[in-house]
*Asks:* 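I am attaching a structure below and will ask some questions about it afterwards.
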Amino acid sequence: MTDPKDTINIENVVASTGIGQELDLQSVAMDLEGADYDPEQFPGLVYRTQNPKSAALIFRSGKIVCTGAKSTDDVHESLRIVFDKLRELQIQVNEDPEIVVQNIVTSADLGRNLNLNAIAIGLGLENIEYEPEQFPGLVYRLDEPEVVALLFGSGKLVITGGKKPEDAEHAVDKIVSRLEDLGLLE
Amino acid sequence: RLRKWQERIRTKDAGERNLQFALSEIDRMASALGVPRSVREVASVVYRRALNEDLIRGRSIEGVSTSCLYVACRQESIPRSLEEVADVSRVEKKEIGRTYRYIAQELSLEMKPVDPKEYVPRFCSALDSSEEVQAKAREIIDTTAEEGLLSGKSPTGFAAAAIYAASLLCNEKKTQREVADVAQVTEVTIRNRYQEQIETMGIH
DNA sequence: AAATTACTTTATAAAGC
DNA sequence: GCTTTAAAAAGTAATTT
């Protein structure tokens, strides 16, 4: 059988950084092609990169949030593009500002169907949130690693809240062993 | 010192008035939903617990009242869907759901998932279905749920499909629209659940 | 009636209301 | 709390064709 760990796929990486310099977003919005800036709606300017695909939120403080990347490498590549674009606008940007990964969203597949009702009871109602009227996924909060897993009837799952790719692997291992202990897998 | 006294009295009065308002709202919504007095009492107890645990802060009284009533219906095994509860509340469905999850978590209510069978009596009486249809619907729900078909599915849609299927099997046909209306789900949902259910039941 | 679009849930940073 | 951004999971709903 396929190891569920081998089905792990990073779907989204969120990271933050900053150029340590105040920005006039109004003028950046004018000069930067494709920039979306509506301060009435949101204080950040939205700039999308194509390769790799991502969305960067640029703030007046010079802090930047990058979302939508498929890997940590893509985050760095996307932000390198953003930094270069800002330099083209005569804005000073250091060589390599510190980039901090804040959240990684991962998907995986346990390979067999799950009885979510049984899992909700088995794992303990106090740790689980399962309200199929509101959402088809069962919400399972783990302490170690500190992530949140969404389990679906198909056996597919989503893991979010992790800061490193290994967090998802550890989470999958724990989920698999807990379900096996309860005899709820297979 | 006198001011402090007045303030305390003022906040105490305000608190009393808020509690009265919450309880009268629970009463109003409970009447509109047609649930028995026992449900209102359970809802009141849950609301007072939420009040004691200071869970109301930052939330609307109406939202908490509605959520407590939703909790009470489920605990008394005569659930109302969020859709139905939202229909008699001035709070939108999304907020009722969020407030409900928050209260259930904070009060450690350990709510079990709603059993679709609990919707059968009410939906069937609204459809004037026979006892035979009800029994058949329950059988379909139990059998298909054991086969894993219930995972992730809405209890109302699951119950509605089973009732629709049972009506056909008992020669008391109801249209999908009729069943959809009483269950407050779409015909598409009934169709989808119905197909899966008759497949695993081996009914042809 | 089938296809498309859209919304529900989870986490996360950013600045400001 | 909310606002915006991205992405997955699967169910449900509202529109469009």
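Below, all heavy atoms of this structure are taken into account, side chains as well, without hydrogens, waters or symmetry copies. Nothing here was measured: the structure is a model prediction, and the numbers come from that model. Note on naming: letters A, B, ... go to the chains in the order of the sequence lines (proteins, then strands), and numbering restarts at 1 for each one.
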*Asks:* Does the cation-pi check pass for B/Arg80 over B/Tyr70, that is, NZ or CZ under 6.0 Å from the six-membered ring centre and within 45° of its axis?
*Replies:*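 Negative - B/Arg80 is either too far from the ring of B/Tyr70 or too far off its axis.
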*Asks:* Of the candidate nucleotides D/dA6, D/dT12, C/dT10, which contains the atom at the shortest distance from the side chain of A/Val14?
*Replies:* D/dA6
*Asks:* As a test of reading the structure: which of C/dA14, C/dT10, D/dT12 is closest to the side chain of B/Thr189, going by heavy atoms?
*Replies:* D/dT12
*Asks:* Using a cutoff of under 3.5 Å, can you pull out all pairs of nitrogen or oxygen atoms linking the protein to nucleotides 2-4 of chain D, with atom names and distances?
*Replies:*
| from | atom 1 | to | atom 2 | distance (Å) |
| --- | --- | --- | --- | --- |
| D/dC2 | OP1 | B/Arg98 | NH1 | 2.5 |

*Asks:* Assign A/Ser61 to base, sugar-phosphate, or nothing according to its heavy-atom contacts below 4.0 angstrom with the strands shown.
*Replies:* sugar-phosphate
*Asks:* Between D/dT3 and C/dC7, how far apart are the two P atoms, rounded to whole Å?
*Replies:* 13 Å
*Asks:* Roughly how far, to the nearest 0.5 Å, is the CD1 atom of B/Ile96 from the CG atom of B/Leu82?
*Replies:*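 Answer for the CG-CD1 pair, B/Leu82 versus B/Ile96, is 6.5 Å.
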*Asks:* Atom CG of A/Leu45 and atom C1' of C/dA13: how far apart are they, to the nearest Å?
*Replies:* 16 Å
*Asks:* Taking the side chain of A/Thr160 as its heavy atoms from C-beta onward, which of D/dT12, C/dA11, D/dA10 lies nearest to it?
*Replies:* C/dA11
*Asks:* Are the charged groups of B/Asp54 and B/Arg57 less than 4.0 angstrom apart, N to O?
*Replies:*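 Salt bridge flag = yes for B/Arg57 with B/Asp54.
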*Asks:* Using the C1' atoms only, state how far D/dA10 lies from C/dT12, rounded to an integer number of Å.
*Replies:* 23 Å
*Asks:* In residues 68-79 of chain A, which residues come under 4.0 Å of DNA chain D by heavy atom?
*Replies:* A/Gly68, A/Lys70
*Asks:* Which nucleotide in the set D/dT12, D/dA6, C/dT10 lies at the smallest distance from any side-chain heavy atom of A/Val158?
*Replies:* C/dT10
*Asks:* Is B/Arg122 salt-bridged to B/Glu84, cutoff N-O under 4.0 Å?
*Replies:* yes
*Asks:* Checking all strands, does B/Arg59 fall into the base, sugar-phosphate, or nothing category for heavy-atom contacts under 4.0 angstrom?
*Replies:* nothing
*Asks:* Looking only at atom C1', what distance separates D/dA7 and C/dA3, rounded to whole Å?
*Replies:*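 Each nucleotide's C1' atom is 23 Å from the other's.
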*Asks:* What integer number of Å spans the C1' atoms of C/dA1 and D/dA9?
*Replies:*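 The answer is 26 Å between these two C1' atoms.
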*Asks:* Rounding to an integer number of Å, can you tell me how far A/Tyr37 OH sits from C/dA14 P?
*Replies:*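 Roughly 17 Å, once rounded to whole Å.
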*Asks:* Taking only Lys NZ, Arg NE, NH1 and NH2, and the carboxylate oxygens of Asp or Glu, determine whether A/Lys164 and A/Asp167 approach each other closer than 4.0 Å.
*Replies:*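 Looking at A/Asp167 together with A/Lys164, the answer is no, because their closest N to O distance does not fall below 4.0 Å.
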